[in-house]
Every structure is written in structure tokens, then in C-alpha cells.
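Fair warning: this is a prediction, and the values are worked out from it, not measured in the lab.
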Amino acid sequence: MESVLGGYVHPFIVGSEIHLEPAGSSDVKKCCKVQSNEIRGVTKMGNEMDVILVEKMSNGSLRTMEERRWGMNMVAALEHVNYIVVGGKEYETIEGRLNVDTGKLELLLVQIRNE
């Protein structure tokens with residue numbers, strides 16, 4: 001996920017805050033905190049977020065699969081998973097992007113071909 005400052009951003013959740021840390025940086029001073037209830041698409045309780053699943057097709061095109069509301073535990077679990085199952089099919093999570101303008105998390109997925 002490319003930040004406006006250049007470089008990539010690693011989002012992680014601490015309580016009701018979403019932290020956006022520049023990749024390769026362990027300096028807390030460089031970490032930007034966003035209150036989850038300040039982002040559109042997150043409920044006032046701060047415990048759900050809209051997630052858009054986008055599939056990268058074999059020809060390189062992108063297809064929006066669906067949009068779902070995820071609990072913050074599911075969003076936090078993305079830090080530990082490489083694969084997710086949607087509609088009975090397995091997908092590799094390639095990258096994620098937090099769109100602060102829309103308040104939505106966008107996940108880029110590639111379907112795993114099990115033959």
C-alpha cells in the first residue's frame with residue numbers, strides 16, 4: 001500500500017485506533033494514528049469496517065468480487081494470514097490498501113488453482 005509520503009504503509013490496529021506505520025520503520029514517531037471512528041465506513045463503535053475484495057484475473061485485469069462488513073478482529077487477522085476462503089474458493093492475499101477517502105479496506109486477491 002503506497003503512502004502519500006512515498007514508500008509503503010503497514011496498517012495495524014491498537015484498541016480503537018488504526019496505526020499506519022511506514023514499512024521498514026520501527027520509529028514510533030513516524031507512525032501516524034487514525035481514530036477508527038473518524039474514518040467513514042467504520043461504525044461509531046469502531047468495531048466494523050467495509051472491506052472490498054478485488055480479484056486479479058490471470059490476464060491482469062481486476063474484478064471487484066464483493067464488498068462486506070468485517071469486524072475489527074477479522075481485519076486484524078490479516079496481519080497473520082496469506083490466504084483466505086471466499087465462496088468456497090481459496091485466494092492468496094497479494095496486498096491491501098486502506099482508502100481513507102472512502103473509509104474502506106481494499107484487498108487484492110489471486111485465486112489459487114488447486115488441480
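Linking ILVMFWY residues whenever their side-chain heavy atoms come closer than 4.5 Å, directly or via other members, places V81 and V51 in the same cluster. By the rule that hydrophobic residues join a cluster once side-chain heavy atoms approach within less than 4.5 Å of another member, V100 and L78 end up as members of one cluster. No path of Ile, Leu, Val, Met, Phe, Trp and Tyr side chains, each step under 4.5 Å between heavy atoms, connects V85 with V110, placing them in separate hydrophobic clusters. A single hydrophobic cluster is seen to contain both I84 and M72, as judged by linkage of ILVMFWY side chains at heavy-atom distances under 4.5 Å, directly or through other members.
Atom CE of residue M74 and atom CG of residue L105 lie 11.0 Å apart, to the nearest 0.5 angstrom. To the nearest 0.5 angstrom, L108 atom CG is 10.0 Å from R97 atom CZ. With values rounded to the nearest 0.5 angstrom, I94 atom CD1 is found 9.5 Å from N82 atom CG.
Residues that satisfy the salt bridge (Lys or Arg N to Asp or Glu O under 4.0 Å) test with E92, not counting sequence neighbours, are absent from this structure.
In this structure, M49 and R69 have side chains that are not in contact, with every pair of non-hydrogen atoms separated by 4.5 Å or more.
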Under 3.5 Å, side-chain donor or acceptor atoms of residues 52-65 against the rest of the protein: list the pairs with distances, not counting sequence neighbours.
{"residue": "E55", "atom": "OE1", "partner": "R63", "partner atom": "NE", "Å": "3.3"}
{"residue": "E55", "atom": "OE1", "partner": "R63", "partner atom": "NH2", "Å": "2.7"}
{"residue": "N59", "atom": "OD1", "partner": "S61", "partner atom": "N", "Å": "2.9"}
{"residue": "N59", "atom": "OD1", "partner": "S61", "partner atom": "OG", "Å": "2.7"}

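Here the shortest heavy-atom pairing between V86 and Y91 reads O-CE1, 3.8 Å.
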Report task. Using the side-chain contact (heavy atoms from CB on, under 4.5 Å) rule, take Y83 and E90 through it: C-alpha gap first, then chi angles, then the decisive distance, then the call. Result -> CA-CA 7 Å; Y83 300 91; E90 186 174 18; 3.6 Å; yes

